[in-house]
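We use all heavy atoms of the structure for the numbers below, so side chains are in, but hydrogens, waters and symmetry mates are not.
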Amino acid sequence: MPTAAAPIISSVQKLVLYETRARYFLVGSNNAETKYRVLKIDRTEPKDLVIIDDRHVYTQQEVRELLGRLDLGNRTKMGQKGSSGLFRAVSAFGVVGFVRFLEGYYIVLITKRRKMADIGGHAIYKIEDTNMIYIPNDSVRVTHPDEARYLRIFQNVDLSSNFYFSYSYDLSHSLQYNLTVLRMPLEMLKSETTQNRQESFDIFEDEGLITQGGSGVFGICSEPYMKYVWNGELLDIIKNAVHRDWLLYIIHGFCGQSKLLIYGRPVYVTLIARRSSKFAGTRFLKRGANCEGDVANEVETEQILCDASVMSFTAGSYSSYVQVRGSVPLYWSQDISTMMPKPPITLDQADPFAHVAALHFDQMFQRFGSPIIILNLVKEREKRKHERILSEELVAAVTYLNQFLPPEHTIVYIPWDMAKYTKSKLCNVLDRLNVIAESVVKKTGFFVNRPDSYCSILRPDEKWNELGGCVIPTGRLQTGILRTNCVDCLDRTNTAQFMVGKCALAYQLYSLGLIDKPNLQFDTDAVRLFEELYEDHGDTLSLQYGGSQLVHRVKTYRKIAPWTQHSKDIMQTLSRYYSNAFSDADRQDSINLFLGVFHPTEGKPHLWELPTDFYLHHKNTMRLLPTRRSYTYWWTPEVIKHLPLPYDEVICAANLKKLMVKTFHKYEEEIDIHNEFFRPYELSSFDDTFCLAMTSSARDFMPKTVGIDPSPFTVRKPDETGKSVLGNKSNREEAVLQRKTAASAPPPPSEEAMSSSSEDDSGTDREEEGSVSQRSTPVKMTDSGDSAKVTENVAQPMKELYGINLSDGLSEEDFSIYSRFVQLGQSQHKQDKNSQQPCSRCSDGVIKLTPISAFSQDNIYEVQPPRVDRKSTDIFQAHIQASQGIMQPLGKEDASMYREYIRNRYL
């Protein structure tokens, strides 16, 4: 029986579209180009999509022969050698989907990508460019006068702006879900494998598993969480007709990664934001919630911390924390026809039994568990009722729903008028937010995939013992969620989420044994790095929802923002107002068409003829509901039964049906992430393999002088840092505008309600394969002034540089401590050499990791490189000699293979 589980890596990563007059042939291969699949798309149907997947895995030789036969068979005259019958149309990296308006179908392909992040060797890519190809042949095309207008509206959703995908990591789920699935009991996976084998799409998938023998690994692929998938509607038509590897699900939002260097130990800090595709839209046109409990501007933000020194989900250390933002879950809107900067808030429907709020919180219980904590930042006191309308209704809804919930699972409501505290000179906004953040993180806990370290057990911290969540033998689980909202869920919300994230980051670092107390101070390299990540995150989300970047940032609430920020805020506010008044309606139409909310139909009103899209998003207005939910038992019974654990992560029959489990050999390409990342089968360079020029705490934030403590947790003075605390805003804005992820929208921030538009991220020069930068932050090279300072430092006395004079002899006490330390290390290594057993947790790669430390939880390993056989060594040496001009004579096999190729290709 297999001894471990690993995520399945898609075998369709490189695509080539070939064209004939009657067919399109889409040839997809894995990264190593050893396995191929072929899709046949019919071009003779004017309005229907006919796709045939032959359910076969080809080798490279077989696919060449197939294409050769297709080329020969499609020439205009038999035996003609001058012209080709098979044309190479385009190369791509994935299929976004298929869409039809009033004529035939289009296929949308990803033609350029850029590597943005790396989680345990699993690459996350950003779409840089796409190609939309019309499928039917010109001879059968039936033209329609409105087709071109629908095409322009659809393409108004800029897919090169903050859309992300991965071939092996499920971006629609959290890290906690993905790793929980991999740690399911193997007996359950075995039973699930037998069921899936009978229902398997590919008749060749399980061939040869018994005859070849060897230890196996369970490959697991889970269904995506469709709420955060943006091309689900585009793939729906082919979902049941093709192999799962053709289905590449994309998310919309933000992805950024930075490197925190702790005395040479690399720790990756990753921020992923998933924007909901339900009730999606622009600022004033999408407010509140729809009839199904989906709210506007709903974004799930996850911060992931991983020790980059070990690249493995089974042996590495990973931690994550998730929080959510979203509009107030009520029926409310704002009328923008009055052309006012702040249109009045109106409640559209009376909801005395909090029906829509009940649906929304039921969804949250299912995905996140309990407790659900609401942090409401809207104004409580106003001369004229405006934001307070929402607060009063939300309090009434939460009070009503809580009276029917079990006391231990009631919804926690925290109202806090952030605007009022900001205006007060006596109150520190961030101090108060820090108190709230501490109480929230203690209630929800966070996810970590390793048990508590020995140091925290021997010297427990007071705050650590009060931490909530669920403690399991393999680590900790986050149970519950913080839901933050203001009116627009932009400026105030982003600052509050940053403070909660900063508090959670301290606990995450402490759980991985990187700091001695779960506490982080402002003005340290670590917090500045994290703050920059959150600023980019807030700017991007603000552009998508509101049309401009953030107005009020963390520095604004710390009251250290430069005086020039005020004029930029005014320009940003005007930019936001213009976007909301004149361009949001067109963007909303594009989103409705892209997500399949509106389907063009012959004989019915066109999208631009509809006076409102209210009926598209509120389905209950178009039909009678067969059953009405209970006003008292408003939750799903199965969900409430398993609280505080989220129902989606509970091992039950319903959740097992969402998994696709398959048995692989240990070193098969579909589950070998080491091969996928390092590509030992091809000649590669460090620049290609490690292509992420991510922001680094040591390079971008640490002071340039050597004598200062290099720890990223040391508080810096403004004149000590690599980047100023006040952060030279003009240079900062230039950097933001250069970022390919954030785009070319208006200047910096605006007022308190803007989000990042998916159209404003055009980016100029793009690279095809895993290009330059994570978040494309320009790498600042050391100028001549800096180099002069470094040269001066080299000549400084040893005492000034290192704090001690190394030429002086050690004291007896220091020498005794050092000797005991050396003897301890030597005896430990002897013990490891005598009883050296491979790491049982580490079975997902060619490299063998052997633990060195006596403590089983420590992730310190020795590496035993794989053995290379004589034949492989000879091939490599021949390759090196060929580069020097020394060619090896062709063998008989090579000559016969070449003759066979010439015969098939040209004769």
Side-chain angles (χ1 to χ4, degrees), residues 9 11-20 23 25-40 53-75 78-93 202-205 207-208 211-212 214 243 245 664-665 667-670 672 675-676 678-685 688 769 846 866-907:
I9 304 169
S11 62
V12 178
Q13 299 188 24
K14 299 177 181 178
L15 295 89
V16 180
L17 185 68
Y18 294 94
E19 173 186 0
T20 67
R23 304 278 186 276
F25 293 93
L26 191 60
V27 180
S29 71
N30 60 356
N31 210 3
E33 298 185 7
T34 57
K35 296 182 179 181
Y36 290 80
R37 293 183 180 272
V38 179
L39 279 186
K40 184 170 70 173
D53 187 349
D54 60 9
R55 310 188 182 191
H56 183 66
V57 179
Y58 295 87
T59 63
Q60 192 174 63
Q61 180 65 27
E62 289 172 344
V63 84
R64 282 177 180 170
E65 294 173 358
L66 174 65
L67 294 175
R69 290 195 297 269
L70 289 172
D71 180 30
L72 189 62
N74 283 280
R75 289 175 182 169
M78 291 300 295
Q80 181 180 359
K81 298 181 183 179
S83 62
S84 176
L86 188 70
F87 301 93
R88 181 175 177 137
V90 66
S91 298
F93 298 105
D202 195 334
I203 58 178
F204 298 98
E205 276 189 341
E207 187 178 279
T211 57
Q212 295 180 17
H243 190 270
D245 286 350
F664 291 93
H665 291 290
Y667 299 128
E668 279 198 62
E669 294 165 340
E670 282 89 341
D672 193 346
N675 264 6
E676 179 74 13
F678 289 105
R679 306 183 191 178
Y681 45 79
E682 67 180 25
L683 182 66
S684 57
S685 65
D688 295 332
E769 274 244 59
V846 176
R867 295 180 180 177
V868 181
D869 57 18
R870 180 64 181 269
K871 185 177 179 182
S872 300
T873 306
D874 293 341
I875 292 173
F876 179 73
Q877 289 176 349
H879 179 80
I880 297 298
Q881 291 176 354
S883 66
Q884 299 172 352
I886 306 173
M887 304 301 297
Q888 301 292 325
L890 286 177
K892 292 183 179 179
E893 293 182 1
D894 298 330
S896 61
M897 183 185 300
Y898 180 71
R899 282 197 294 269
E900 185 69 21
Y901 170 75
I902 295 297
R903 187 184 299 111
N904 292 335
R905 184 69 180 84
Y906 298 105
L907 302 180

Going by the rule salt bridge (Lys or Arg N to Asp or Glu O under 4.0 Å), which residues pair with Asp874 if we only count those two or more places apart in sequence or in a different chain? Arg870
Is any side-chain heavy atom of Met897 closer than 4.5 Å to a side-chain heavy atom of Glu893? no
Answer yes or no: is there a side-chain heavy-atom contact under 4.5 Å between Lys14 and Asn31? yes
Please assess Thr59 against Lys35 for the test side chain to side chain contact (heavy atoms under 4.5 Å, CB included), listing each intermediate value before the final yes or no. CA-CA 5 Å; Thr59 63; Lys35 296 182 179 181; over 6 Å; no
Can you list everything that forms a side chain to side chain contact (heavy atoms under 4.5 Å, CB included) with Val16? Sequence neighbours excluded, please. Tyr18, Arg88, Ser91
Not counting sequence neighbours, which residues clear side chain to side chain contact (heavy atoms under 4.5 Å, CB included) with Arg899? List them please. Ala895, Ser896
Measuring from Tyr36:OH to Gln61:CD, what's the distance to the nearest 0.5 Å? 10.5 Å
Asn30 side-chain N/O to Val12 backbone N/O, donor-acceptor pair under 3.5 Å: no
Between Leu66 and Arg69, is there a side-chain heavy-atom distance shorter than 4.5 Å? yes
Who are the side chain to side chain donor-acceptor pair (under 3.5 Å) partners of Ser11, not counting sequence neighbours? Asp245
Please enumerate all residues that pass side chain to side chain contact (heavy atoms under 4.5 Å, CB included) together with Thr20, with sequence neighbours excluded. Arg23, Phe25, Asn74, Leu86
Measure the CZ-OH distance between Arg64 and Tyr58 for me, rounded to the nearest 0.5 Å. 16.0 Å
Run the salt bridge (Lys or Arg N to Asp or Glu O under 4.0 Å) test against Glu62 and tell me which residues pass, sequence neighbours left out. none
Using the side chain to side chain contact (heavy atoms under 4.5 Å, CB included) criterion, which residues pair with Lys892? Sequence neighbours excluded. none
By salt bridge (Lys or Arg N to Asp or Glu O under 4.0 Å), Glu676 pairs with (sequence neighbours left out) none
Going by salt bridge (Lys or Arg N to Asp or Glu O under 4.0 Å), name the residues that satisfy it together with Glu65, two or more places apart in sequence or in a different chain. none
Looking at residues at least two apart in the chain, or sitting in another chain, which of them share a side chain to side chain donor-acceptor pair (under 3.5 Å) with Gln881? Gln888
Contact summary for Gln60 and Glu33, nearest pair of heavy atoms: NE2-O, 3.7 Å
Using every non-hydrogen atom in the two residues, find where Val38 and Asp54 come nearest and quote the distance to one decimal. O-OD1, 3.7 Å
What is the distance from atom CG of Asp869 to atom CD1 of Ile875, rounded to the nearest 0.5 Å? 8.0 Å
